[in-house]
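What you see is a predicted model; the values in this text were computed from it and never measured. The chain is numbered in sequence order, starting from 1.
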Amino acid sequence: MNVKSFLQKRKYELLLIALIQHLYIGIVVSDMPFYTEILWPINMVILGLASVGVFIEKGKLKNIIKNVLTIETVI
């Protein structure tokens, strides 16, 4: 099974797990400088990768919008 088919098959489950993890990680981690400098960027990458599955096989315009928003988020 390749990554694309895995993301296509489990896209909403992965996105839900990533969103719940992002929502509740602040409760578990008490060191805020560590969280903001290390964990938050990692969380954003995980959330971004999980959300890519939702856009697989959508229209070309939706994929362009997703790519533009991803680039703006990184910048």
Side-chain angles (χ1 to χ4, degrees):
M1 177 185 293
N2 62 17
V3 176
K4 185 176 179 179
S5 67
F6 180 77
L7 286 175
Q8 181 67 29
K9 187 178 273 188
R10 305 274 185 221
K11 60 185 168 188
Y12 295 112
E13 291 91 342
L14 292 172
L15 184 58
L16 177 64
I17 291 167
L19 286 169
I20 289 172
Q21 180 258 347
H22 177 69
L23 182 63
Y24 292 110
I25 193 79
I27 296 171
V28 177
V29 177
S30 60
D31 185 9
M32 289 311 285
F34 175 73
Y35 172 74
T36 57
E37 294 175 13
I38 306 295
L39 291 180
W40 189 80
I42 294 170
N43 268 346
M44 291 299 108
V45 169
I46 292 171
L47 198 54
L49 290 174
S51 66
V52 165
V54 177
F55 287 96
I56 290 177
E57 295 182 4
K58 298 292 182 185
K60 186 175 181 176
L61 180 62
K62 288 182 182 179
N63 281 326
I64 291 171
I65 292 170
K66 177 206 47 134
N67 291 338
V68 169
L69 291 175
T70 302
I71 290 169
E72 284 191 16
T73 302
V74 171
I75 294 173

Which hydrophobic side chains are connected to Leu61, either touching it within the sub-4.5 Å cutoff or through other members that do?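 The other cluster members (ILVMFWY side chains, heavy atoms under 4.5 Å, direct or chained) are Ile65, Leu69.
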All N/O donor-acceptor pairs, side-chain side in residues 26-44, below 3.5 Å, sequence neighbours left out:
| unit_1 | atom_1 | unit_2 | atom_2 | d |
| --- | --- | --- | --- | --- |
| Thr36 | OG1 | Met32 | O | 3.1 |
| Thr36 | OG1 | Pro33 | O | 3.2 |
| Asn43 | OD1 | Gln21 | NE2 | 2.4 |

Among all residues two or more places apart in sequence or in another chain, which pass the side chain to side chain contact (heavy atoms under 4.5 Å, CB included) test with Leu19?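 Side chain to side chain contact (heavy atoms under 4.5 Å, CB included) check on Leu19 returns Leu15, Leu47.
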Give the cluster check for Leu14 versus Ile20: same hydrophobic cluster or not, with ILVMFWY residues linked at side-chain heavy-atom distances below 4.5 Å.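 No; tracing contacts between hydrophobic side chains, which count when under 4.5 Å, never links both residues.
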